[in-house]
Amino acid sequence: MLTDTRKSPNAGLQGLPFSDVEWTGGLYKERFDTCTASMVPHLQKMFESRDISHVLENFKIAAGDADGDFDGTVFGDGDFYKWMEAAVYTAVRSDNRELLERLEEYVALIGRAQQPDGYISTKQIIGERNGKAARLGDINDFEVYNFGHLFTSACLYKRLTGKDSFLTIARKAAGYLKNLYDRAEESGEVQTAVCPSHYMGLAELYRTTGDRDYLELLKKAVTLRDSVKEGLDDNQDRLPLKEHDRIIGHAVRANYLYAGVADLCLEEEEPELAEVLHKVWNSLVTQKMYITGGCGALYNGASPYGNFFTHQLVHQAYGYEYQLPNVTAYNETCASVGGVYWAWRMFCLEKRAEYVDVLERMILNVNLAAVSMDGRRFFYENMLRRAKKLPYELIWGQERAEYILSYCCPPNLARLMAQMSEYAYAVDEDGIYTLLYGASRARVAFPGKDGEKQDSGLILVQETGYPYDGNIRFTFEEEETQALKSCGSFSLHLRIPSWVRNGTVRCRNRRTGEDEESYSLSRKDGGTYICLKIEDPKNREILVDFAMEARLTCAHPLVEEDSGQVAVERGPLVYCIEGMDAAAETLDDLMIPSDIRLEPEDFVIEGRTVTSLKGSFLLRKREDGYDRNALYQDYGNREYEEITARMIPYFAWDNRGMDEMRVWLPVMDAGERRAGREN
C-alpha cells in the first residue's frame with residue numbers, strides 16, 4: 001500500500017493492502033487495465049528516450065555510464081520515481097517478470113548515480129562536474145521534491161517486492177536531508193522546499209522502517225518552514241503554518257503540504273495543526289473547488305490576501321473565494337492527485353464520509369479526465385469549457401498531448417490509476433468501511449491492538465455497475481472455513497454518497513431470502529455512513545440501491561462565471577456536452593430546460609462503453625443582425641427550438657477530435673418556458 005497507517009497511533013482506519021483488493025469489472029478495472037497495458041509502457045518509452053525526456057539518460061550520465069550534459073526538466077528525477085510506483089503496482093498485479101527485472105536495473109542505476117553522502121539529483125550531480133550547476137542554489141530546481149518522491153517510491157517498492165535495494169538508496173538520501181536540515185536549523189538560513197513531497201515521503205520511511213529519526217525529521221521540516229525569511233504565498237510560507245486559515249497559493253504545493261501535515265497528525269498529537277487542516281480543507285471544498293474536483297483556478301493569480309505593496313503573482317493559484325473561471329480553468333492534474341492523498345489521510349484521521357465524497361469526485365471526474373481513453377494522451381490543466389477558437393493563447397493547449405514539457409502529471413496520474421483499489425475499503429478493529437464503489441474482490445483482515453492484521457478468512461465480493469448504476473450487491477465467501485467461523489460478528493459501514501436523494505439498503509438472509517434489516521434512504525442520509533452488524537457472513541448478502549437520477553446543479557451566486565447556468569450530474573459523475581453531440585452552430589446557443597428528462601444510454605467512445613444522457617435541449621434562434629463578435633449589442637427577443645442532444649461523462653471528453661465543450665449551460669426555468677409558449 002502507498003500509505004501504511006497500520007501502526008499510526010492517531011489513525012482510526014487503515015487501508016487494505018494492494019495484494020488483497022482487486023477490481024473485477026467495470027470502470028475502475030478498465031482504467032487499471034489501460035494503465036497496465038498502455039500508460040505504463042507508453043511513459044516508459046518517454047522516459048527512456050534521449051530525444052523526448054532525457055530522464056534515463058540523465059541518470060546514466062550522473063552514474064558515469066554515459067557522457068553528456070543534463071537535459072530535460074529539473075523535476076524529471078521525481079517524475080521517474082512516480083512512474084516507478086505505477087510500474088511496480090502493475091508489474092506485481094500482472095506478474096510481469098520482465099518489467100520487475102527492468103525496475104531492479106533502474107534501481108541499480110539510481111544507486112550508481114547517488115553520491116557517497118547520499119545526495120541524488122541528476123542536474124546538480126552532472127552540473128558539479130562541468131561547473132554548470134550546484135546543489136541547493138535554487139528552490140525551483142526541485143531537489144528536495146525529487147527526494148520526497150524517491151522516499152515514497154522506495155517504500156512502496158519494498159512493500160510490494162520485499163526487496164531492500166531501493167529502500168537502501170532512500171535511507172542514504174534521507175541521511176543527507178537530515179544533515180541539510182540540521183545545518184539550516186543551526187544557521188537560521190532556512191528555505192522552504194517547493195511542493196513538499198518529502199513530508200509524505202518521510203512519513204512513509206518512518207512507517208516502513210520503524211526508525212523514529214524519520215518522524216523527527218518530518219517534524220523538524222514542518223517546524224522550520226516558519227523560519228523562512230520573506231516567504232511567499234506561492235509556497236504557503238508567507239504566514240506561519242499555524243496561522244493558515246484559508247487555502248491560497250500554488251494548488252499543487254498547497255495540497256502536498258497539507259497531505260504531509262495530515263501524515264504528521266496521524267503519528268503525533270498536533271491539535272493546532274489539526275485545526276489548520278480543518279480550516280484550509282473547509283476553505284477548499286466550500287469556496288475554491290470546481291464541481292469536477294479540480295483545484296487551482298488561475299493560470300497566474302495575485303495573492304488576494306497579501307499587502308498591496310508586496311503584490312505576489314502565483315502560478316496555478318487558488319484565487320479569491322468563488323473565483324472559478326471555466327475557459328481558463330487551470331486545475332493542474334497533480335493538484336487533484338495531491339487532493340486525493342490529502343482526503344485519504346483526513347479520512348484515516350476522522351472516519352468522516354465527506355472526505356471520501358471529495359476523494360471520489362476528484363478521481364472520477366478531473367483525474368480520469370486528465371488521460372485519454374487509450375491511456376496515451378494527457379491534460380496538464382483541466383478546463384471546464386472549450387471554445388473552437390480563442391482570441392488569446394493559453395499556456396497549455398486545448399487538447400491532450402502525448403508529451404508535454406511539464407511532464408509531472410502523467411506519471412503522477414499513472415500511479416494513482418494503478419493504486420485506486422487501495423481506496424476501495426478501509427478497516428478498523430470493529431469492521432469494514434466502504435469507500436470507492438466498484439466491482440471487486442477483497443480479502444479482509446482486521447487490525448489487532450498492535451496494528452498488525454488479524455486474518456479473518458473473509459472474502460468480500462462486490463458486484464455492481466457503479467459509477468453508472470447505483471445497484472450494489474455485497475456477499476461474503478469463506479477462504480478458510482474455520483477462519484470464517486472464528487471471525488464472529490463485525491460491522492459493515494456503508495458509505496452513503498452525498499449525492500444520494502433516495503434509495504434502500506437491505507441485509508438479506510441468503511438461506512431464507514428474507515430481509516433481516518432494511519433502510520430507506522433520503523437526502524439527509526447523504527454524506528454519512530450507516531452501520532450494519534454482520535453475523536454468519538456466509539449466509540448474508542447486502543443489497544444497496546442508490547437511486548441514480550440525473551440532476552441539475554447550480555453554483556453559489558458569487559461564482560460569477562456560472563451565474564444563470566447549471567451543470568448536470570448523475571451519481572458521482574459530472575457530465576459535459578461536446579459540439580459533435582448537438583446539432584448547433586455553437587454550444588453558446590444551447591440552453592437546458594429546468595424540467596429536462598435525461599435518459600441514460602450506452603455510448604461507445606474509443607472502444608469503451610460509457611453511460612451517456614440524452615434529452616431535449618433548447619436551441620436559440622438568433623435574430624437578424626446578431627453579431628457574434630460584438631462586445632455589446634441590443635438584446636432582442638429570442639425564440640427557441642427543441643433539439644435532441646447527448647451529454648457524456650466529463651472524464652470521457654476530448655477523445656473524438658477538436659470541438660467545443662461545456663460543463664455549465666444556461667438554464668431556462670420551466671415556468672419561464674411555459675410563459676414564453678403562452679405569449
* Tell me, with the steps shown, if N326 and D562 meet side-chain hydrogen bond (donor to acceptor under 3.5 Å, both in side chains). => CA-CA 9 Å; N326 293 313; D562 301 333; 2.8 Å; yes

Does the pair [X]/[Y] count as a salt bridge with the N-to-O cut at 4.0 Å?
| X | Y | result |
| --- | --- | --- |
| E569 | R551 | yes |
| R656 | E578 | yes |
| R400 | D654 | yes |
| R352 | E350 | yes |
| E549 | R570 | no |
| D357 | R495 | yes |
| R662 | D588 | yes |
| K29 | E22 | no |
| R385 | E561 | no |

So, the side chain of [X] versus the backbone of [Y]: is there a donor-acceptor pair under 3.5 Å, distance only?
| X | Y | value |
| --- | --- | --- |
| H493 | I530 | no |
| S336 | V366 | no |
| K288 | G319 | yes |
| N365 | M362 | no |
| E660 | K388 | no |
| S38 | C35 | no |
| S372 | R377 | yes |
| R386 | L384 | no |
| S440 | G438 | yes |
| D525 | S522 | yes |

* Matching residue for D589 among R620, K621, R622 - test: salt bridge (Lys or Arg N to Asp or Glu O under 4.0 Å) ->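 Passing option: R622.
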
Check this for me: [X], atom [atom1], are more than 12 non-hydrogen atoms of other residues, nucleotides or ligands nearer than 6.0 Å?
| X | atom1 | answer |
| --- | --- | --- |
| E639 | CD | no |
| Y392 | OH | yes |
| D627 | CG | yes |
| R523 | CZ | no |
| E606 | CD | yes |

* To do: Would you please test S283 and D245 for side-chain hydrogen bond (donor to acceptor under 3.5 Å, both in side chains) and show each step?
  => CA-CA 8 Å; S283 171; D245 61 359; over 6 Å; no

Nearest 0.5 Å, please: how far is [atom2] in [Y] from [atom1] in [X]?
| X | Y | atom1 | atom2 | answer |
| --- | --- | --- | --- | --- |
| N412 | M417 | CG | CE | 10.5 Å |
| E599 | K614 | CD | NZ | 10.5 Å |
| F617 | Y640 | CZ | OH | 15.0 Å |
| L494 | F546 | CG | CZ | 6.5 Å |

Of all the heavy-atom pairs spanning [X] and [Y], show the shortest one and how long it is.
| X | Y | result |
| --- | --- | --- |
| V568 | M647 | CG2-SD, 3.6 Å |
| M200 | A259 | SD-CB, 3.8 Å |
| R31 | M373 | NH2-O, 2.6 Å |
| D581 | F603 | OD1-CZ, 4.4 Å |
| A567 | I291 | CB-CD1, 3.7 Å |
| L598 | I596 | CD2-CD1, 3.7 Å |

* To do: Start with the C-alpha gap between C295 and Y290, add the side-chain angles, then the distance that decides, and say whether side-chain contact (heavy atoms from CB on, under 4.5 Å) holds.
  => CA-CA 7 Å; C295 298; Y290 279 90; over 6 Å; no

* Step by step, work out the side-chain contact (heavy atoms from CB on, under 4.5 Å) result for L390 and Q398. => CA-CA 10 Å; L390 292 173; Q398 291 197 87; 3.9 Å; yes

Is [Y] close to [X] at the side-chain level, that is, under 4.5 Å between some pair of heavy atoms?
| X | Y | answer |
| --- | --- | --- |
| D79 | K82 | yes |
| M383 | T328 | no |
| I643 | S616 | no |
| E642 | L618 | yes |
| T553 | V574 | no |
| L364 | Y28 | yes |

* Could you go through the side-chain hydrogen bond (donor to acceptor under 3.5 Å, both in side chains) check for R628 and T586 one step at a time? => CA-CA 10 Å; R628 292 194 184 278; T586 171; 5.3 Å; no

* Show your working on side-chain contact (heavy atoms from CB on, under 4.5 Å) between T434 and Y529 and close with a plain yes or no. => CA-CA 9 Å; T434 62; Y529 273 92; 4.3 Å; yes

* Asked: Has R253 got its NZ or CZ under 6.0 Å from the middle of the six-membered ring of Y256, at an angle within 45 degrees of the ring axis?
  -> no

* Side chains of Y423 and Q419: is there a donor and an acceptor less than 3.5 Å apart? -> yes

* Asked: S518 and R506: side-chain donor and acceptor closer than 3.5 Å?
  -> no

* To do: Just do the side-chain contact (heavy atoms from CB on, under 4.5 Å) check on Y89 and E422 with the steps written out, would you?
  => CA-CA 11 Å; Y89 270 123; E422 294 188 356; 3.0 Å; yes

* Mind telling me whether W342 and Y258 have parallel, tilted or perpendicular rings, with 30° and 60° as the class edges? =>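 Because their plane-to-plane angle lies in the 30° to 60° range, the rings of Y258 and W342 count as tilted.
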
[X] and [Y]: aromatic ring centres closer than 6.0 Å?
| X | Y | answer |
| --- | --- | --- |
| W23 | F32 | no |
| W344 | Y355 | no |
| Y403 | Y407 | yes |

* With side-chain hydrogen bond (donor to acceptor under 3.5 Å, both in side chains) as the test, would you mind laying out the steps for R345 and T3 before giving the verdict? => CA-CA 8 Å; R345 287 158 173 78; T3 308; 3.3 Å; yes

* To do: Name all pairs fulfilling the ring pair (Phe, Tyr, Trp, His ring centres under 6.0 Å) condition that reach into residues 362-391, sequence neighbours left out, sorted by first residue then second.
  => Y330-Y380, F379-W653, Y380-W396

